[in-house]
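To start, the structure itself, in structure tokens.
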Amino acid sequence: MAERVLSGMRPTGRLHLGHFLGVIRNWIALQKEYDAFFMIADWHALTTGFKDPSSIPGDIREVLSDYIASGVDPGRCTLYVQSHVPEIAELTTLLAMITPVSWLELCPSYKGQIQELGGEIATYGFLGYPLLQTCDIIVVKAHIVPVGEDQLPHLELAREIVRRFHHTYKKEVFPEPRAKLTDFPNVPGTDGRKMSKSYGNTIDLADEPSVIAKKVNKMITDEKKIYKHDPGRPEICSVFSLQKYFNAPLVPTIDADCRSGKLGCVACKKMLSERIAAELAPIREKRAELLAHPETLNQIVAEGAEKSRGVARETLRDVKRAMKLC
Ligand code: SF4
């Protein structure tokens, strides 16, 4: 039996190339190798977006259709919405009793995000979200969690909480989840900064070819390459960074022709936007079809919730037995 992997993402609305190259391609590989559980973490979205959560249901439908249209296959993985599995909240309440506040306060993201987003997110829910994240993982008894370097402290916290539970109640209930260190590429957005919805610099999976062309056209290149014949420096050019993903076989030629002045930025950008549009065409078509049939999406997440709830109920039964609550 393959080991179980758990990964989740907040419902951010339409997904962009950064998600596609970072998260989705990773999930597609994981679903082939592991018993994969993929979750849309809508409660996590509330920790920072509690003031106006009205967009969350629509955002869930958008990300779900992007996942499936891009190749996350509900036939090969368990795909569900976090809040459809209330056992996660029950486990969080039980484990909150043994989780020291100081462990949560020490999480590097806690102080950092409060500084960045302001004191108004200094809530009980935000402080406790690493515990909620722990329960996402252990309620389905996942063995593996794909994480970037920066998320390692959260996984270490999950392991600490698991050990504390086993030590307190003298019973092994959960596997200690292990990190699968994953390289999440730093995909540049149209302004050269990391591609992110909050910077407004994304190329979305749902974008039409004309929109993609417009966005690529305004991308930052080498400022010293003004005319086609000027020698360029691909290593500092955001367009070139994307060519590596979308026109990989042509990269040595693009590199050489940019430097020699044989290739100009207009032609280079055209080549890139056409390739991105071609790659996204089947995804755009499939996502539109899925969004037109919300009953299919509802059915997929209902089946995912049923399967994960089955595992989660057994976990809770084991937890309550260990705690002698039943
Ligand atoms: S030719 Fe291409 S790689 Fe070179 S600077 Fe222009 S856009 Fe960038």
Side-chain angles (χ1 to χ4, degrees), residues 9 12-29 62-63 66-67 69-72 116 146 148-150 181-288:
M9 232 179 85
T12 50
R14 289 180 167 193
L15 298 184
H16 55 67
L17 291 185
H19 299 121
F20 181 65
L21 298 168
V23 180
I24 296 179
R25 287 201 317 186
N26 188 28
W27 283 16
I28 292 170
E62 294 278 355
V63 290
D66 274 333
Y67 287 158
S70 312
V72 175
E116 196 182 315
E149 262 327 308
D150 57 329
L181 252 191
T182 305
D183 186 23
F184 293 103
N186 199 349
V187 179
T190 51
D191 60 359
R193 290 185 290 175
K194 185 182 174 178
M195 192 175 285
S196 163
K197 198 175 171 183
S198 49
Y199 294 147
N201 64 1
T202 63
I203 297 174
D204 297 340
L205 304 190
D207 281 344
E208 293 289 336
S210 58
V211 176
I212 296 170
K214 220 184 257 173
K215 288 182 174 178
V216 171
N217 272 340
K218 67 171 195 191
M219 280 186 80
I220 309 283
T221 63
D222 176 1
E223 61 187 2
K224 290 200 172 146
K225 188 170 169 72
I226 297 163
Y227 301 106
K228 178 182 166 188
H229 300 296
D230 291 338
R233 294 167 295 170
E235 67 277 11
I236 60 156
C237 172
S238 301
V239 174
F240 187 73
S241 300
L242 289 184
Q243 295 281 28
K244 287 185 198 157
Y245 297 113
F246 291 95
N247 271 320
L250 299 178
V251 157
T253 313
I254 296 170
D255 185 296
D257 290 354
C258 166
R259 289 180 200 282
S260 70
K262 194 173 163 192
L263 178 67
C265 295
V266 174
C268 188
K269 286 177 169 179
K270 186 165 182 283
M271 203 193 306
L272 176 66
S273 60
E274 285 176 355
R275 188 66 219 117
I276 295 175
E279 184 130 344
L280 297 188
I283 297 175
R284 203 172 49 247
E285 215 172 284
K286 179 100 200 269
R287 78 184 300 286

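All residue numbers refer to positions in the sequence shown, counting from 1. In each ligand, atom 1 is the first atom listed, and ligand 1 is the first ligand listed.
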- Query: Side chains of His19 and Thr12: does their closest heavy-atom pair fall under 4.5 Å?
  - Reply: yes
- Side chain proximity check, Ser273 to Asn217, heavy atoms < 4.5 angstrom: no
- Residues that Ser260 engages under side chain to side chain donor-acceptor pair (under 3.5 Å), provided they are two or more places apart: none
- Item | Arg14 side chain to Leu205 backbone, donor-acceptor under 3.5 Å | no
- Task: Taking all non-hydrogen atoms of both residues into account, name the closest pair between Asp230 and Lys225 and its distance.
- Result: O-NZ, 2.7 Å
- Message: Can you see whether Phe246 has Arg275 sitting over its ring - NZ or CZ less than 6.0 Å from the centre and within 45° of the normal?
- Response: no
- Message: Suppose the cut-off is 2.8 Å; which protein N/O/S atoms would you list for atom 6 (Fe) of ligand 1?
- Response: Cys265 SG
